[in-house]
Each structure stands twice: as C-alpha cells, then as structure tokens.
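Some notes on the structure that comes next.
Just so it is clear, the model here is predicted, and its values are computed rather than measured. Note that ligands are numbered from 1 as they come in the structure, with each ligand's atoms numbered from 1 the same way.
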Amino acid sequence: MSQNVPPLVIGIDLGTTNSVVAVAQDGTLTVIPVNGQSSMPSAVGIDPTGKLVVGQAAKNQAISAPENTVLSIKRIMGTDATAELGGKSYRPEEISALILGELKRAAEEHLGRPVTQAVITVPAFFNERQRLATQDAGSLAGLEVLRIINEPTAAALAYGAGQADTAEDETLLVYDLGGGTFDVSVVRVENGIVEVRASHGDIHLGGDDFDEALTALGEERLREKHADALPAAAQRRLKSAMELAKIRLSDEPFATIREEYLTPSGHLETEISRHDYEQLIEPWLVKTLDCVQRTISDAGITAHEIDKIMLVGGVTRTPIVQELLLRTLGMEPRHEINPDLVVAMGAAIQGATLAGQPAPAILVDISAHTYSVLAVVGGDFMGDLLGCCPVVRRGTPLPVTKADLFTTGVDSQKKVAVKVFQGESDDPSQNLSIGEFMVTGLSKVPAGNEIIVQFHIDLNGLLTATATEKRTGLAKSVTIDTAGQHRINLDAARTNLAALFEEQDAAFPDEDDDFQDADIIPWPSGETTAASASEVEAPANSAALLASAKSLRNRAGKLLEQGVAEADAAAIRASLAAVPVAIDARDWDQLCTTLDTLSDLLFYLED
Ligand code: AMP
C-alpha cells in the first residue's frame, strides 16, 4: 500500500443472527452493504452443488437443507463444541472466520482497497476464552483484530458517549434484544472513558422465540381446519412468514399471513393482532425486565441514576418493548439510531479512533415530539381510551409510518372525531392540539368497530393522519405541518410581554427602568422617537416590539455576563447593536427580523 493512504480499520458486529460491517472515513460513517443489504445473516452453508455459501444464500437454504447449514454459531463460541457442515466438523472459530471473511470481502469491494484491520464487538458477558476465540476467528479471516470491544460500549460510542465534545459523565442502560440473545448492561461514561459496570442476559431469549410462538399459533389455527401434521419444511416456511408478520406488527395493528399448501390440502390465511402478539410474548419481556432490575442493582445504582436508555437489536422496534421500559424506568428509551446497525457503527467509530481519524458524529432526522391521538365521539371517548395514545413517539427516526387500533365506544356509532395531539403527556390538556377530523358514515355495528389510525411523518415534518374503518376500508385523512406548530406566534407573545411590562411598571413605578440604560443597547432618545413617529407610521404592535426588545436585551445581558463562546457573544452583540439602528430608522420590519434572530440565539444558548 502506498505511504499516503491513511490506515483504515473496519468495525464488525459479529452477531448471533446477523452481522454488520461499517467504516468511518474522513469524518463520515458508512454501513457497508453486503449483497445489497445493510446486514448479513450469520449463516454458513454448503449448497446442493457443494459450493460454500455465506450470508443470505446460506440462510435461504436453512429451510430446505438444515443439515448443510450452520446458524447461530456465536452461541458455541469459546467452547469445544463443533458444528457439522456437509458431513465434516468445524470449530466455531472456523465458521466465524467464514462469516468475517465475507464481511471483509464486502468491505474491500465497497472501498476498493485491501482491508486488514478490524475492531470486533462481543457481548459484555463473553469470558476471556470467548473473546480469544473471536480474535482467532478474525486472524483466520485475514484480519488483524486491533481491539475486541463490548457491544454495549459500542452502542454508547455510536450515541456520542466518550467524545471530546460531550465530556459529560453519565450512566447509560443498554437494552439489547436481538434475534437469538438478550442482554442488558449498565455503562458508565467518566472522563471520556466508557466502561461496562454490570451486565446480565440470556443467550436463549430473542426474536426467534417470538417467531416460534407465532408459528405454534399459526399451526393451531391451521389444525382447526386441517388435521394433517405439518411437515418440517412447511413448519420452517411458516416460521419465516411469521417472522415477517412479527416485523409488520411493529408498525401496524394487524398482520395477515397467507401460506398455501402447508400440507397437501392445508392453506393458512389468518390475521394476528398486535394485541394478541404482545400477550403472547409478555412472559419473555417480563424476564428481560427482571434482568434489567438485577443489572441496575449489580451496578450499585438505582433506576433514578440512569441518564439514558439505549436500544439495540431488531426486536426493540416492537412498541411494547419501548413502552414497558418507559413504564418500568420512567424514561423514554433512545432509539433514533437504527438498532440493528448501532453496534457496528460504534465499532467503526472505535476503529477510526485507533486509525487516528476523527470520530464522526451520527446525525439522524428524528421526531422531536410524541404524536398521539385522542379519538372521541359525541363527547364520549372511543372504547376505554382515557387519554392521549401515542402513535409516533419522540425520537423516532423520520420518515416514519405507524398505525394503531382504536374501537368505537357505542353501538351503531356513525362517526368518530380523531384529535391529533403533540406532546409527551397522556393528559390531553397538557399537550398541544394540532388537528382534528371527523370520519362519518361508519357501519351500523355494535360497539367495538375497529378504526385504524395511521400517522405518516415525512422529513419535512408533515404529518398525514389517516383513520380507516377496518371492515369497510372507509378512510379519511388530513395533513398537518408539525414544523409550524413549534413556532410561537411572535406578535401574540410580544403583546403578552408588553402587557406584563406595563403591569410591572404600574406595580413598581419607582424601580429603575433598566430598559433605558444604554450600556448594551444605546437606546434612542424619547424625543427622537416622538418626533419621528409622525413621519413614519409605527405599526400597532410597536409598543410590544419595544417591550420585547427590552426583555431580550436583559436576557442577552445576563448571558453575556455568565459568559458564552466568543463566536456566540459576537453574534449576540451584533444583534444588540442592530436593534437601536432599526429603531432610529423606524424600520419596523428590520426590527422584527433582528429581534427574531436575537430571540433564536438566546433560545439556543440559554439552558
Ligand atoms: P439482531 O439480532 O439485532 O439482528 O435482530 C434480529 C431480530 O430482530 C430478528 O428476530 C428479527 O426478526 C427482529 N426484527 C427485525 N426488525 C424488526 C421489527 N421491525 N420489529 C420486530 N422485530 C424485528
């Protein structure tokens, strides 16, 4: 390699179900596609022609040729157990090396240069032998493993922990629920050092269990109509369909499964609701929450001392998982970085640091608020709904489409009013009402008529809310500009403030009016103002504008006294200096613009 090619260290999340490779280069982080996908199944197989296949091709044949396919090798890493493949035995290091080799190949193809160094992640509970086995697998794949780091540490790094500009000490809880394993860790960031304080888990708990439970439910429903036993291959096909249904249920209240010829005469067409699915998986989720409590207590802290919860693993997209954590720990989990990719991203960040490159910050567009629905009819709540029901939660990456199920509360209910709220409370009076619409002409059926409410929010913050009567498809929607909702009505606010100042002046007539002090704003004299008032007509809200200027000037003065970065101080001073110039010139539009700029500056700089 030529002397001036900078060193490149890839980051690898070598997962039980899926593996991911990423790289940070010139301050940009890239998840490297493997055969067009951001993650690759951790599967190795020998195909019917005797060819070695790794990744998706191997996973595909796991259904038809399980004896020639190895899955979940990570479960036996660092043990003497072996895996059988095409009639031969292989050590877990060897199988893992094939997976790592495929990731290395994809990275080299993507980057157009050889890759020889890597950071690989392992679960925090991996012992020394398991870590060494992972390192050996890397060597076998032709990779110098510069560092083995813990998966929760990598997740914390991806969320910016330990970076020079976020020098805060904090305690993080990383909840990782993947396809095959679950683990939870308390991570402490102190003086820029990220350290796992306690970790627990279950290497046999994950999305696979949920797929199996759904498969059993599907079989049960099939048996109601067709008595034949399900052949093994059909069972695996059903499991695959159920995994897709599980994924759909994270965004939709129902999933329909259609599988033909599971048995010679047995077709399955069934629907599973999110509610039924949540009940099905509840025992496993309760187990994970017990683990969370144990880990917190082992770390010697209380739940109140946790600053952030981070989600890792595809299954954490399941809404009930996030809700249970919120309910148990009283804090909204962070999920803005793709939970399937966050660990590899952290490994790549560590790799960049080791290669002497700047660590990139990961930027994602997220929903700044929770958007919920309160659906009412004639003053009655729909069903037993008593408050705002979140459909899209704060911190969700955009664009997003999510739907939830509501039901009518009375028999033969002809219409529902769907009210959309922005805010974090379940009490509508604490949130901002941002829109509402009516769906009329509903079917004449008993209470419990199902209405699906779907929110789609695009990258510009446009929220489209759609309500659909499930049985007929009757639908109505509205689009709301949520970005517009964040802005305060400046004129109203200025009038409000002016009233407040007038009240203050009336109540404390003898107080010094520091508004007139010209230490920061050289204020124009009253005479000039009066004289010019006849020349240039002042707008109706001029008093409010002046009051607003006074208030902003006081706030700016306080900030400058407290001390802010030089660039910010300069920006504040420039705005302050522009205020009297605009007043002198009777340029009310310019005054408005200047006050807006100043107000925005202060908003971002004040705590
Ligand atoms: P991981 O081991 O982190 O790659 O997670 C893989 C698991 O996440 C598999 O069981 C997937 O079926 C599951 N998964 C992926 N996406 C979703 C989703 N949107 N909702 C629920 N589970 C998901």
Side-chain angles (χ1 to χ4, degrees), residues 12-22 31 34 37-43 55-56 59 62-63 71-75 77 99 103 121-123 151-152 154-155 158 174-185 201-215 236 238-255 257 272-274 276-278 280-282 284-285 288 310-325 333 335-347 392-393 396-397 399-404:
I12 295 179
D13 169 11
L14 182 60
T16 307
T17 329
N18 295 301
S19 294
V20 182
V21 56
V31 173
V34 186
Q37 303 295 316
S38 54
S39 70
M40 179 187 86
S42 305
Q56 191 60 50
K59 186 180 174 190
I63 293 180
L71 301 174
S72 304
I73 192 68
K74 189 170 172 180
R75 290 217 169 108
M77 234 12 204
I99 297 167
L103 298 173
T121 59
V122 294
E151 289 161 6
V174 181
Y175 178 100
D176 180 352
L177 187 54
T181 59
F182 163 71
D183 56 275
V184 53
S185 309
D202 186 333
I203 57 164
H204 294 285
L205 193 168
D208 287 350
D209 297 299
F210 307 167
D211 301 343
E212 266 159 34
L214 283 170
T215 308
R236 288 193 290 271
L238 181 59
K239 189 173 165 204
S240 225
M242 286 304 185
E243 181 181 3
L244 292 179
K246 171 190 77 177
I247 291 172
R248 273 207 305 282
L249 287 171
S250 286
D251 296 325
E252 292 162 32
F254 295 96
I257 299 101
I272 294 176
S273 71
R274 185 190 285 166
D276 289 347
Y277 170 62
E278 287 174 353
L280 197 69
I281 64 171
E282 192 184 308
W284 284 289
L285 297 184
T288 69
M310 283 160 197
L311 299 180
V312 179
V315 186
T316 58
R317 290 206 187 86
T318 312
I320 188 77
V321 170
Q322 297 180 23
E323 261 168 59
L324 285 174
L325 283 167
H335 55 284
E336 56 265 39
I337 304 183
N338 185 326
D340 299 312
L341 309 180
V342 62
V343 168
M345 288 177 170
V392 171
R393 286 188 181 275
T396 305
V400 62
T401 303
K402 295 256 178 207
D404 228 324

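Applying the 4.0 Å criterion to heavy atoms of T318 picks out, from ligand 1, the atoms 21 (C). When each atom of ligand 1 is checked for a heavy atom of G207 under 4.0 Å away, the hits are 10 (O). The N18 neighbourhood of ligand 1 comprises atoms 4 (O), 6 (C), with distances under 4.0 Å to a heavy atom of that residue. Of all the atoms in ligand 1, the ones that sit under 4.0 Å from a non-hydrogen atom of T17 are 2 (O). Close contacts between ligand 1 and G313 involve ligand atoms 3 (O) [criterion: under 4.0 Å to a heavy atom].
Between E243 and ligand 1, an N or O atom pair is found at a separation short of 3.5 Å. For ligand 1, the polar-atom distance check finds an N/O of G314 within less than 3.5 Å of one of the ligand's N/O atoms. Close N/O approach between K246 and ligand 1 is found [any backbone or side-chain N/O within under 3.5 Å]. An N or O contact shorter than 3.5 Å links R317 to ligand 1 by distance. Of the N or O atoms in G179, one or more lie within a sub-3.5 Å distance of an N or O in ligand 1.
From the protein, the heavy atom lying nearest to atom 20 (N) of ligand 1 is S250 OG, 2.6 Å.
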*Run the salt bridge (Lys or Arg N to Asp or Glu O under 4.0 Å) check on D340 and R317 step by step: do they pass?*
CA-CA 10 Å; D340 299 312; R317 290 206 187 86; 2.8 Å; yes

*Does the side chain to side chain contact (heavy atoms under 4.5 Å, CB included) test come out yes or no for Y277 and F210, once each step is laid out?*
CA-CA 9 Å; Y277 170 62; F210 307 167; 3.4 Å; yes

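With no hydrogens or angles considered, no side-chain donor-acceptor pair links Y175 and T316 at under 3.5 Å. Remark: the H335 side chain and the T396 side chain contain an N/O donor-acceptor pair separated by less than 3.5 Å.
A donor-acceptor pair under 3.5 Å links the side-chain atoms of S42 to the main chain of G15, judged by distance alone.
The pair R274-E252 does not meet the salt-bridge criterion, since no charged nitrogen lies less than 4.0 angstrom from a carboxylate oxygen. A salt bridge is defined here as a Lys NZ or Arg NE, NH1 or NH2 lying under 4.0 Å from an Asp or Glu carboxylate O, and K74 with E151 meets this definition. Comment: K402 engages D251 in a salt bridge, judged by a side-chain N to carboxylate O separation of less than 4.0 angstrom.
Both the backbone and the side chain of V315 come within 4.0 Å of ligand 1, counting heavy atoms alone.
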